[in-house]
Amino acid sequence: MLYHVHMEVNLPTDMDPQERTELLSREKAYSQGLQHDGKWPHIWRVVGEYANYSVFDVDSNDELHQILSGLPLYPYMTIRVTPLAQHPSDIRAG
């Protein structure tokens, strides 16, 4: 199942710099692991925002929820999820 996910990050401005660095390092490792596993095939930065648009390819709503809630930045995110379905005019569709 494919999902379009918008993630906006809102870190506290007074967060300890070392804590921020460690948090971002864990986030990068977690997200890149999911990318290597094929669960997170696309991620794009939103220009001018601390946000991204991503596509997830997972087996269920529950799996996506588990993945998103496991993000180290999850407590600081606003997330919007849109399930995707194949379009009948897609020339790549079988």
Side-chain angles (χ1 to χ4, degrees):
M1 298 175 72
L2 295 177
Y3 297 87
H4 175 265
V5 180
H6 178 261
M7 292 178 259
E8 184 177 337
V9 181
N10 298 293
L11 292 175
T13 56
D14 61 348
M15 179 178 270
D16 176 73
Q18 184 175 348
E19 181 183 349
R20 177 187 165 96
T21 298
E22 291 170 3
L23 180 65
L24 295 177
S25 178
R26 290 196 328 268
E27 180 78 11
K28 184 174 184 176
Y30 183 82
S31 68
Q32 288 183 344
L34 290 164
Q35 291 173 61
H36 287 296
D37 291 344
K39 299 288 184 180
W40 195 338
H42 300 284
I43 182 171
W44 296 274
R45 170 76 62 212
V46 178
V47 175
E49 298 178 22
Y50 194 175
N52 71 74
Y53 285 108
S54 294
V55 173
F56 285 84
D57 188 357
V58 295
D59 294 329
S60 68
N61 295 336
D62 291 332
E63 182 182 11
L64 181 62
H65 181 76
Q66 180 181 11
I67 286 170
L68 295 176
S69 62
L71 289 164
L73 287 173
Y74 181 78
Y76 307 102
M77 290 181 161
T78 301
I79 300 174
R80 291 188 305 275
V81 176
T82 305
L84 301 174
Q86 189 172 13
H87 195 286
S89 295
D90 184 351
I91 62 171
R92 290 174 292 250

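Predicted model only: the values in this text are computed from it and were never measured. Side chains included, hydrogens not; waters and symmetry mates left out as well; all remaining heavy atoms used.
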Report all side-chain donor-acceptor pairs from residues 12-19 shorter than 3.5 Å, counting only partners two or more places apart or in another chain.
{"residue": "Asp16", "atom": "OD2", "partner": "Gln18", "partner atom": "N", "Å": "3.2"}
{"residue": "Asp16", "atom": "OD2", "partner": "Glu19", "partner atom": "N", "Å": "3.0"}
{"residue": "Gln18", "atom": "NE2", "partner": "Glu22", "partner atom": "OE2", "Å": "3.1"}

Identify whether [X] and [Y] are in the same connected component of the hydrophobic contact network (ILVMFWY, side-chain heavy atoms under 4.5 Å).
X	Y	value
Met77	Leu24	yes
Ile79	Val55	no
Leu2	Trp44	yes

Heavy atoms only: give me the nearest Pro72-Pro75 pair and the separation to one decimal. O-CD, 3.4 Å
For Ala51 and Arg45, work out which heavy atoms get closest and say how close.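 Looking at all heavy atoms of both residues, the closest pair is O-NH1, 3.4 Å.
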Would you call Tyr53 and His4 a side-chain contact if the rule is heavy atoms closer than 4.5 Å?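 Of all side-chain heavy-atom pairs linking His4 with Tyr53, at least one is under 4.5 Å.
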So, do Gln86 and Arg92 sit near enough that their side-chain heavy atoms are less than 4.5 Å apart? no
Count the heavy atoms of every other residue, nucleotide or ligand shown that sit under 6.0 Å from CD of Gln66, and state whether that count exceeds 12.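 Open.
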Does His65 have any ring-ring contact (aromatic ring centres under 6.0 Å, His included) partners at least two apart in sequence or in another chain, and if so, which?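 Per chain and number, His65 pairs via ring-ring contact (aromatic ring centres under 6.0 Å, His included) with no residue.
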Holding to ring-ring contact (aromatic ring centres under 6.0 Å, His included), I want the full list of residues that pass it with Tyr74, two or more places apart in sequence or in another chain.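 For Tyr74, no residue satisfies ring-ring contact (aromatic ring centres under 6.0 Å, His included) once neighbours in sequence are set aside.
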Between [Y] and [X], is there a side-chain donor-acceptor contact under 3.5 Å, judged purely by atom types and distance?
X	Y	value
Asp62	Ser60	no
Tyr3	Asn61	yes
Ser54	Trp40	yes

Atom pair CE (Met7) and CG (Asn52), whose distance is rounded to the nearest 0.5 Å: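 Output value for this atom pair is 4.0 Å.
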dist Asn10:CG -> Tyr76:OH (nearest 0.5 Å) comes out at 11.5 Å
Check the pair Glu27, Leu71 against side chain to side chain contact (heavy atoms under 4.5 Å, CB included), reporting the backbone distance first and the verdict last. CA-CA 6 Å; Glu27 180 78 11; Leu71 289 164; 3.2 Å; yes
Could you go through Leu23 and Leu73, starting from their C-alpha distance and side-chain angles, then the distance that decides it, and tell me whether this counts as side chain to side chain contact (heavy atoms under 4.5 Å, CB included)? CA-CA 7 Å; Leu23 180 65; Leu73 287 173; 3.4 Å; yes
Report yes or no: does Tyr30 contribute a side-chain atom to a donor-acceptor pair with the main-chain N or O of Ile67 at less than 3.5 Å? yes
Evaluate the criterion side chain to side chain contact (heavy atoms under 4.5 Å, CB included) for residue pair Asp59 and Met1; output intermediate values, then yes/no. CA-CA 6 Å; Asp59 294 329; Met1 298 175 72; over 6 Å; no
Electrostatic pair Lys39:Asp37 at N-O distance under 4.0 angstrom: no
Check against side chain to side chain contact (heavy atoms under 4.5 Å, CB included), Leu68 and Phe56: CA-CA 10 Å; Leu68 295 176; Phe56 285 84; 3.9 Å; yes
